[in-house]
Asker: 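Please see the structure below; I have some questions.
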Amino acid sequence: MKKWTMIAATFGLAVPAVCAAQPPQDGGRMFAMIDANSDGKLDKAEITKMAEMRAQRQGDPTMASPEKVDAFIKFIDANSDGVIDKAELEARQKARAEPPPPSEDQP
């Protein structure tokens with residue numbers, strides 16, 4: 001799990017971060033912009049395009065490597081269907097925003 005978290009962090013969790021920056025009434029706008037075919041799911045080609053744009057903007061071509069795109073999809077894709085839908089993305093955003101559970105070692 002730590003490995004996937006690091007890969008997703010390196011990848012920047014671009015989609016959730018961008019979607020989270022949108023106002024609540026317009027939360028689906030960024031998802032819709034990335035969802036080029038408007039099917040309600042982000043497939044590998046759409047995510048790769050987003051990763052390539054982000055990699056170019058940050059000057060790091062490794063961000064768009066097939067391995068990182070695959071790892072990102074696997075990290076977000078809760079039902080393992082190979083695509084990311086809005087509910088999976090929102091669930092990952094929510095989990096990321098929640099504070100970590102308290103350690104059993106702490107009183």
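Heavy atoms only: backbone and side chains are in, while hydrogens, waters and symmetry mates are out.
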Asker: Using a 4.5 Å cut-off on heavy atoms from C-beta on, say whether the side chain of L42 contacts that of V83.
Answerer: no
Asker: Restricting to side chain to side chain contact (heavy atoms under 4.5 Å, CB included), what partner residues turn up for T62, sequence neighbours left out?
Answerer: D60, K68
Asker: Using 0.5 Å steps for rounding, measure from the OG atom of S38 to the CE atom of M33.
Answerer: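 With rounding to 0.5 Å, OG (S38) is 12.0 Å from CE (M33).
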Asker: Rounded to the nearest 0.5 Å, what separates atom CD1 in I84 from atom CD1 in I73?
Answerer: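 That separation rounds to 5.5 Å.
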Asker: Tell me if a side-chain donor or acceptor on R96 pairs with a main-chain N or O of A91 at a distance below 3.5 Å.
Answerer: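 Absent.
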Asker: Does anything in residues 37-47 form a salt bridge (charged side-chain N to carboxylate O under 4.0 Å, His left out)? List the pairs, not counting sequence neighbours.
Answerer: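 Residue pairs passing salt bridge (charged side-chain N to carboxylate O under 4.0 Å, His left out), neighbours aside: K44-D70.
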Asker: Just verifying a value: how many Å separate D77 CG and F72 CZ, rounded to the nearest 0.5 Å?
Answerer: 10.5 Å
Asker: Measure the CD-CE distance between Q58 and M53 for me, rounded to the nearest 0.5 Å.
Answerer: 12.0 Å
Asker: Rounded at 0.5 Å granularity, tell me how far CE in M63 sits from CE in M50.
Answerer: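 Going from the CE atom of M63 to the CE atom of M50 covers 8.5 Å.
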Asker: By side-chain hydrogen bond (donor to acceptor under 3.5 Å, both in side chains), which residues pair with K49, not counting sequence neighbours?
Answerer: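 With neighbours one apart ignored, the set is empty.
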Asker: Go through the structure and list residues passing side-chain hydrogen bond (donor to acceptor under 3.5 Å, both in side chains) with S80, not counting sequence neighbours.
Answerer: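 With sequence neighbours excluded, S80 shows a side-chain hydrogen bond (donor to acceptor under 3.5 Å, both in side chains) to no residue whatsoever.
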Asker: Look at the side chain of Q56 and the backbone N and O of P61, then say whether any donor-acceptor pair between them is shorter than 3.5 Å.
Answerer: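 Side chain of Q56 to backbone of P61: no pair is present.
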Asker: Are the side chain of E88 and the backbone of A78 linked by a donor-acceptor contact shorter than 3.5 Å?
Answerer: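 It does hold such a pair.
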Asker: Might you point out which heavy atoms bring V69 and A51 nearest each other, and give the distance in Å?
Answerer: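 What the structure gives for the nearest pair is CG2-CB, 4.1 Å.
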Asker: Which value, rounded to the nearest 0.5 Å, describes the distance between L89 atom CG and I34 atom CD1?
Answerer: 8.0 Å
Asker: Which residues satisfy the side chain to side chain contact (heavy atoms under 4.5 Å, CB included) test with E90, sequence neighbours excluded?
Answerer: K86, Q93
